[in-house]
Amino acid sequence: MDTKFEEKNAIGVAPAHNEVADEKPTQRAWTTREPYGPAGFRGLFSNHYVALCAVFATIGGLLFGYDQGVISVTLTMEQFLERFPRVSDTAAGAGFWKGLMTAMLELGALIGALFAGYLADKLSRKYAILVSVCIFTIGSVLQTAAVEYAMLTIGRLIGGFGIGALATVAPLYISEISPPEIRGALLVLQEFSIVFGIVVAFWITYGTRFMPSEWSWRLPFLIQMIPGFILGAGIVFLPFSPRWLASKGRDDEALVNLAKLRGLPTTDSRVYQEWCEIRAEVAFVQEVSAERHPTLQDGSRGSRVKLEMASWADLFKHGCWKRTVVGTGIMFFQQFVGINALIYYSPSLFKTLGQDYSMQLILSGVINITQLVGVVSSLWTMDRFGRRPLLLVGAALMCISHLIIAVMVGEFSYDWAGHPAQGWVAVAFLFFYMLSFGATWGPVPWAMPAEIFPSSLRAKGVALSTCSNWFNNFIIGLVTPPLVQNTGFGAYTFFCVFCGLAFLFTWFLVPETNGKSLEEMDKVFKDVSSEAEEAQKARIEREIIEGRRGTYNATA
C-alpha cells in the first residue's frame, strides 16, 4: 500500500528533525539517529510496555529451562528408575539409554526450530508462539502419563518440538519489538528465563523426590504445563511485530504498533525514522530477491515453495553468509563449552569430585543459582560493554576453570577422601565456571542471532542458529554420560579445548553489534559492499520518505 508522505506530514511527522542528507546518491537518508532513552538496564524503566511484552514472551524460555532442569534430579529418583529400569546404572547400556532419553528433547527441538522460521513468517511471530505452546503441551501430557520408556522418550521428542520453536520465535519477536538501546538487555531476559526455569525445576524435583509414589516424578512434568497455558492464553493480546507487519505490506499497522511499543505518538520523528528504515529494509530485500530469483515472483504455489527453499539458500550467499557463520558458530560453542553437560549430569559430575549423594544434589541446585546470578549481571554489562568483550572474557575464564578441574581430577580422583581440599577446589572452579558462563556465553549467543540477520531472512537465520544449538545440545546429551564414566578428567579437558577455540572464533569472526539498529547490521558485517547496493538502499529510503512508494513496489 502507498502511504503518502504528504498524509504523514499532515499529522505532524517530519523527517527534518533527523538531519536528512540530500546530495550524495549513495548516502542514506538519515545520518544520525536520536535514541529513545537511556541504554542498557536503565532504559528498561523508560520503555515499560516493550519490556513487559518481552518479559511475557520469555515464558517460552522458562519452559525450555524447566524441561532441561527437571531431568537432572529425576534421573536419580528410585521411583523413576523402578518405572524405567533401562536408565538405571546397573542396567546394560544404561549410559546410552539415559543419554538418548535426555537428548531426545534436543532432537525434537532441532526439528521444531527448523519449522519455526516458516511458522514465524507465515502466521506471525506471536501466533507461531501459540502453535508452539500447543505442541509443547501435548508432549508434556505424554511425559506425565508415561508408563514405559518409549512413551516417555516420544513425549520428550514432541515436547522438544514445541520448545525448539519457542526458543527460536521468542528471541526473534523480542529483537523486532525492541529499541536498539535496550535490545541487549531485553534479549538477556531470554537466557534469564531459561536459567530461572532450570532452577525452579531442580528445586521442585528436589522436593518431590521424597514423595513415595510415582507422583514424585510425574508431578514435576505436570507442573511445566502451567506456564505454557499462561503463555498461550496471553500471547494473543501482545502486539504484532512491526517488522513482520511491514514484511506483509501492512505499513499503517506497523506504524501504529511501533508507536505503541515505543510509548510515543505516531507523529514522533524517531518513530517515523524507524518506521521508514523498517520499510526500506523490507523493500530492499524484496528488490534483491526479485533480482536473484526473477522466475519465482508470480505468486503461484510452486513458486512460493521454490522461493522458500531459495531463501534458505540465501543464508549462505553474499549479503548473509558471514552472519550465518556467526549465528551458528556461537550457538555451536555455547554447547561445546560444556554447559548442558553440567546441567543434565551435575549430580554425576559432583560424584566424580568426591561428594556424597545428598551433597551432590544440593550442590547441583546451588550451581544453577550461581548461573542465574551471572545472567543477572549481563542485564547491565551486555549493553554497557558490548557482546564481543563478554564472549572473549567468558571463553578465557571458562577455559581456565576447566583446565584446573581437569588437573584436580587427574591427580586426585583416585583418593578424594584423602584429598578433600583438592576436591573442594575443583568444586569451587565448577561454580566459577557457571558464574562466568551465565554472565557471558549464556545470554550473548541467544541475543546475537536475533539481531544480526536482515529482516526477510531473520526468522530463518534465527531458526538455523537455534538448530545449531539444538543439534550440538543433542550431541552433548549423548556423549557426556560415557565421556564422564570412561575418561574422568578427559571430559573437562575436552571442554577446555573448546573454550579455547571459542575464544579464537570470537576474536577473528564475531563483530560488535551493541547499540546498532537491526537495519544497521549491513555496515557492521560490511555485507552491502558495492556502491550500487548502497545507492539502491538510499534510493528506496528516499522514495519511501517522499511518498513515491510503499514498502512494496506497485509491480510486486
Side-chain angles (χ1 to χ4, degrees), residues 39-41 61 167 171 174-175 180 182-192 194-195 322-343 370-403 429 432-453 461-462 464-466 468-469 472-473 476 494-516 518 520-521 524-526:
F41 185 71
I174 293 169
S175 72
I182 62 170
R183 190 175 60 244
L186 289 177
L187 286 168
V188 166
L189 294 175
Q190 173 75 2
E191 175 65 12
F192 176 86
I194 292 172
V195 179
K322 293 180 183 177
R323 311 178 197 215
T324 302
V325 169
V326 170
T328 57
I330 59 176
M331 283 297 199
F332 167 85
F333 283 111
Q334 189 193 51
Q335 293 306 309
F336 273 83
V337 297
I339 181 60
N340 280 328
L342 300 185
I343 293 173
T370 305
Q371 185 187 358
L372 189 64
V373 172
V375 174
V376 170
S377 72
S378 65
L379 285 169
W380 176 70
T381 59
M382 177 87 79
D383 287 315
R384 181 174 179 84
F385 299 110
R387 285 64 160 155
R388 179 179 158 88
L390 291 185
L391 291 176
L392 290 171
V393 171
L397 294 179
M398 290 188 296
C399 184
I400 293 170
S401 300
H402 277 309
L403 179 62
F429 273 96
F432 182 70
Y433 164 89
M434 292 295 281
L435 186 67
S436 302
F437 178 89
T440 58
W441 278 86
V444 176
W446 286 108
M448 287 196 74
E451 62 186 6
I452 62 178
F453 289 97
V462 174
L464 188 65
S465 300
T466 309
S468 171
N469 181 289
N472 292 294
N473 202 337
I476 290 296
F494 176 81
F495 294 130
C496 176
V497 169
F498 277 98
C499 287
L501 293 175
F503 182 93
L504 296 176
F505 175 82
T506 303
W507 182 270
F508 289 108
L509 295 175
V510 179
E512 183 56 70
T513 61
N514 186 34
K516 303 295 183 182
L518 298 182
E520 291 177 305
M521 293 301 163
V524 172
F525 282 89
K526 299 180 175 62

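Quantities reported herein were computed from a predicted structural model and do not represent experimental measurements. Basis for what follows: all heavy atoms, side chains included, without hydrogens, waters or symmetry-related copies.
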Write down the atom of Ile330, the atom of Pro445, and the distance for their closest heavy-atom approach. CD1-CA, 3.6 Å
Which atom of Val337 lies closest to which atom of Phe495, heavy atoms considered: O-CB, 3.8 Å
Can you list the residues that meet the side chain to side chain contact (heavy atoms under 4.5 Å, CB included) rule with Cys496, with sequence neighbours excluded? Cys399, His402, Leu403
Minimum heavy-atom separation for Glu512 and Arg388, please, with both atom names. OE1-N, 3.1 Å
What's the shortest heavy-atom distance between Pro449 and Met331, and which atoms? CG-CE, 4.4 Å
Using ring pair (Phe, Tyr, Trp, His ring centres under 6.0 Å) as the criterion, list what pairs up with Phe192, not counting sequence neighbours. none
Looking only at heavy atoms, the pair that brings Met382 and Ala447 closest together is CE-CB, 4.0 Å
Below 6.0 angstrom between ring centroids: does that apply to Tyr433 and Phe429? no
Chi angles and distances behind the side chain to side chain contact (heavy atoms under 4.5 Å, CB included) call for Leu509, Lys322: CA-CA 8 Å; Leu509 295 175; Lys322 293 180 183 177; over 6 Å; no
Is the ring pair Phe494/Phe336 parallel, tilted or perpendicular, if the boundaries are 30 and 60 degrees? tilted
Side chain to side chain contact (heavy atoms under 4.5 Å, CB included) involving Val497 - partner list, sequence neighbours excluded: Leu501
Looking at residues at least two apart in the chain, or sitting in another chain, which of them share a side chain to side chain donor-acceptor pair (under 3.5 Å) with Ser468? Asn472
Leu189 and Trp446: CA distance, side-chain angles, deciding distance, side chain to side chain contact (heavy atoms under 4.5 Å, CB included) verdict: CA-CA 10 Å; Leu189 294 175; Trp446 286 108; over 6 Å; no
Show which side-chain atoms of residues 435-443 pair as donor or acceptor with protein atoms under 3.5 Å away, not counting sequence neighbours.
unit_1, atom_1, unit_2, atom_2, d
Ser436, OG, Phe432, O, 2.9
Thr440, OG1, Ser436, O, 2.6
Trp441, NE1, Leu391, O, 2.9

Could you tell me the separation between the CG atom of Leu372 and the CD1 atom of Ile194, rounded to the nearest 0.5 Å? 12.0 Å
Measure the CZ-CG distance between Arg384 and Leu390 for me, rounded to the nearest 0.5 Å. 12.0 Å
Between Met448 and Thr513, does a side chain to side chain contact (heavy atoms under 4.5 Å, CB included) hold up when you go through it step by step? CA-CA 8 Å; Met448 287 196 74; Thr513 61; 3.8 Å; yes
Which pair of heavy atoms, one from Pro511 and one from Val326, lies closest together, and at what distance? CD-CG2, 4.2 Å
With the side chain counted from C-beta on, respond yes when Arg387 and Val510 share a heavy-atom pair under 4.5 Å apart, and no when they do not. no
Test ring pair (Phe, Tyr, Trp, His ring centres under 6.0 Å) applied to Phe503 - qualifying residues, sequence neighbours left out: none
